[in-house]
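Whatever order the structure lists ligands and atoms in, that order sets their numbers, starting from 1. Not measured: the values here are computed from a predicted model.
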Amino acid sequence: MAKKQHGHTTAKITSAHGLFYDYLIKSHSKKFAANYLEANEKAIENIKEIVDSERIKCDFEYQNNYVYTTNKSEVSNIKKEVEAVESLGFPCEFVTKTGLPFEIEGAICFKNQAQFHPLKYLYGLCNSIISHNGNIYSNTVATNLEQLIDNTYVVHTKYHKVKCEYVIVATHYPFINFPGFYFTKMYQSTSYIIAIDPKKTLFNGMYISSSEPIFSYRTAKLGGKKLLLIGGGDHKTGHPSCYQDTYGILEKEARKYYPECEVLYKWNTRDCISLDKIPYIGQYSSAMPNVFVGTGFKKWGMTSSNVAANIIVDKICDKKNKYEYLFKSLRLKPIKNRDEMKNMIVQSANSLLFDKLKDANLSFDEIAYNSGSIIEINNEKIGIYKDPNGKIYAVKPICTHLGCLLSWNDIDKTWDCPCHGSRFDYRGKNIYDPAFRDLDFYDLND
Ligand code: FES
């Protein structure tokens, strides 16, 4: 039952990225915030144009988007956001009634936002590319990018080399560390979703709470049914969740309002978060002309990826793009989010150095079946997973990206990196960027 569905995203297509515009006006300017909003509104329009012109059947539908609170003390922040958005000339509304099956204290509503089925949209895009004589190669992992003297490039994969004039690094978390240094300015966040059949009539609209604990709601179609997607439980990848059982918390939330509901799917996903909360779109590094990047979309990748695609295409075609300056990937503006920056430096130092010197918490015998932990054998740290039958899987728990000490994720049975979010299955196979090499594996079963 617990399957990955929906392409690891809630697929809300919206310019309401939480409570964001008051922050943008204060940290940048009104003009900056207005252009950011306009860029995202244009992305919604552009996605609709693509859906129509390419005749993609992807359940695209316009919906109102709400950022809401159930907490009285948070209402002033929602009202501030309403004022901020109105000051940009964009119509929004403060409301106290929504379609949600519970009372709220207030919400900001953006009309004419949208949702779709992301995989159906993606398949439609792929068909469209192929029908226009484009080629798509999947399961071909890029492992290196070589710059030639004439500023053309060679992308290395395991078995091939591809020579090219332009390169777009759209690998979610950039895997090229130097130059670029994206690992110093981004981290990954994990969040969880369940899809339920509510066995009851559902509401319209897309919703997200404005502050912790974050819950996100949207409906989706499956066959003739309308399902409800409930998300939440965000935490930094590789760090413990504040919940013992995040899926259980989401299910409990669902059953409060839909006691007869059936949980059909569960999945979790990772998002790249830049330290100043603005995506990186544009040139990868000043040392690499004609290499471009789009990353750091926070939780709003459906709209931000469209913005990124248009900016990068314009750059390659030598066309001016009004929104390019907002997302400059080479920006040097001091990072306002000092707390997050400090956290990242401290956590990286711990995982790279100090945690490796600490004693392991458990001994081999203390590890339960179907669980994992780091232990020490002959002064060496070994990552152990015992499967439900007691079979042992042992890995070297050092991340193949930049060498941080990994931590055990008992929900997914994976080794996750607290530094930049790479992940490995219990056999040590790399399953998530920015690392792309597997862990060393030991055979301890004899
Ligand atoms: S993801 Fe960077 S060190 Fe692990």
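Ring geometry for Y68 versus Y217: interplanar angle of 30 to 60°, hence tilted.
For K413, the NZ atom counts as densely surrounded, since its 6.0 Å shell holds more than 12 non-hydrogen atoms of other residues, nucleotides or ligands.
Test Y21, Y36, F110 against F90 for ring pair (Phe, Tyr, Trp, His ring centres under 6.0 Å) and you get one pass: F110.
Neighbours of atom 2 (Fe) of ligand 1 restricted to protein N, O or S atoms under 2.8 Å: the count is 2.
Ring to ring, Y123 and H117 are not that close: their centroids are 6.0 angstrom or more apart.
Using a 4.0 Å cut-off between charged side-chain N and carboxylate O, K298 and D271 make no salt bridge.
For residues 136-173, the pairs satisfying ring pair (Phe, Tyr, Trp, His ring centres under 6.0 Å) are H172-Y432, with sequence neighbours left out.
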